[in-house]
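This structure is in structure tokens; I'll ask about it shortly.
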Amino acid sequence: MRHHRIWDPFLRVFHWALVAGFVCTALLTAPEGRLHQDLGYVVAALIALRLAWGVFGPRSAKFSVFVPDFAAVMAHLSDIATRRKRVYLGHSPLGALMILNLLASIALIALSGFLMTTSAYAGAKWVESLHETLVVWATGSIAVHVGAVLWESLRTGVNLSRAMITGVKDIPRDANIVP
Amino acid sequence: MTPRIANTPATLIIVIAVQSLCAAFYLADLLFDGVMEGWAQVIQGDFFFEAAATLALIAAVVVETRFLMDLLRRKAYLERQVSIAAGAFHDIILDHFSLWGLTPAEQDVAQFTIKGMSITEIAALRGSAEGTVKSHLNAIYRKADVSGRGGLLSLLIEDLMGRPLLAQAPAEQT
């Protein structure tokens, strides 16, 4: 086992705060309530902080480092197809795509939710249905994300969910690290 | 490799992504209808057609994903074969060079010649006069006992075709 410290404390706090924020806002509060709106602002602030962290933060959090090009995505898919055990120290290409998807859809949920509180869009039906559709989309994406994390952990032998808690990836000896 | 083959996985990925979205949409729609209006209301008439169509879509996505994985496996295999062939050819070249007793400068010139460069190009690359390159080439052909570039190449290729390619591959397919 080799130990690599990957995720900085802010990133981990952000991740689990976003989990808590999304679950509480989407599932546990009444959509018309004051609490739902306040939690929505908290989630929006979290996303804004993550975007800033993606520009000014450490290497593993930077968009310029982890946003994959097409070749990287193909390489990751080929690894899966050929059962090659190669592990990524930071975000994997497919994982990075999911991160971008979740950041974008949750940001749009917050934006459309905010628009519903403004007088200009208060009665607009399309804003409301956009808000609800995006919540369904994000919930489905989260399910796929959790499934993919479990599956990649089993495939590569790296416990990815523990790494998001401790910040350390434990990489087995027989796995190669992608440069 | 032709661009058509190189782009097939990308096209397939796009098709899979679009069909997955459609399947997810129909599935969600079906579930919402069932939950909102009660399953007794929903399960009749058109429901079976919609359910069958959705299932067919999901099946298509599964089949396409398997096909994509096959394609990627085949691509990785071919790339491995090519690199084995390239490595084998390189080994043969180096074997011959040491057999013929080429000097380092002659080995350089011989490599460039095998790659198809002209005397002028080799001279420019090595920063030497064309006359020097010519005399290196004469020495190479004399030591290899061939009359020119064609003879040199056919000597190497003949040897490459005589060798088993795969037996030399490191057995690391895990």
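Proteins get letters first, then strands, A, B, ... in listed order; numbering begins at 1 in each.
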**OP:** Drop me the distance from A:His76's NE2 to B:Leu72's CG, to the nearest 0.5 angstrom.
**Re:**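 Rounded to the nearest 0.5 Å, the NE2-CG separation comes out at 12.0 Å.
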**OP:** State the OG-CZ distance between A:Ser78 and B:Arg74, to the nearest 0.5 angstrom.
**Re:**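 The distance works out to 13.5 Å.
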Original post:
Should we say atom CZ of B:Phe67 is surrounded by more than 12 heavy atoms from elsewhere, each under 6.0 Å from it?
Top reply: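 No - once you tally the heavy atoms of other residues, nucleotides and ligands closer than 6.0 Å, there are 12 at most.
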Original post:
Are B:Val18 and A:Val73 co-members of a hydrophobic cluster defined by side-chain heavy atoms under 4.5 Å apart?
Top reply: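 No, it is not one cluster - the side chains of A:Val73 and B:Val18 are not joined through contacts under 4.5 Å.
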Original post:
Atom CG in B:Leu68, atom CD1 in A:Ile80: separation rounded to 0.5 Å?
Top reply: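 B:Leu68 CG to A:Ile80 CD1: 10.0 Å, rounded to 0.5 Å.
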Original post:
Which bit of B:Phe25 comes within less than 4.5 Å of chain A, counting heavy atoms only: side chain, backbone, both or neither?
Top reply: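 Neither the backbone nor the side chain of B:Phe25 comes within 4.5 Å of chain A.
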Original post:
Can you name the one residue among B:Lys75, B:Arg73, B:Arg80 that meets side chain to side chain contact (heavy atoms under 4.5 Å, CB included) with A:Thr82?
Top reply: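 Answer to the side chain to side chain contact (heavy atoms under 4.5 Å, CB included) test with A:Thr82 among B:Lys75, B:Arg73, B:Arg80: B:Arg73.
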**OP:** Decide if atom CZ of A:Phe63 counts as having more than 12 heavy atoms of other residues, nucleotides or ligands within a radius under 6.0 Å.
**Re:**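 More than 12 heavy atoms, drawn from other residues, nucleotides or ligands, come within 6.0 Å of this atom.
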Subject >> Neighbour count above 12 (heavy atom, 6.0 Å) for B:Phe47 CZ >> reply: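 Yes, CZ of B:Phe47 has more than 12 neighbouring heavy atoms, counting only those of other groups under 6.0 Å.
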Original post:
Do other residues, nucleotides or ligands put more than 12 heavy atoms under 6.0 Å from the CZ atom of A:Arg34?
Top reply: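 No - once you tally the heavy atoms of other residues, nucleotides and ligands closer than 6.0 Å, there are 12 at most.
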**OP:** Given side-chain contact (heavy atoms from CB on, under 4.5 Å), test A:Trp137 with B:Leu21 step by step and report yes or no.
**Re:** CA-CA 10 Å; A:Trp137 170 258; B:Leu21 286 180; 3.3 Å; yes
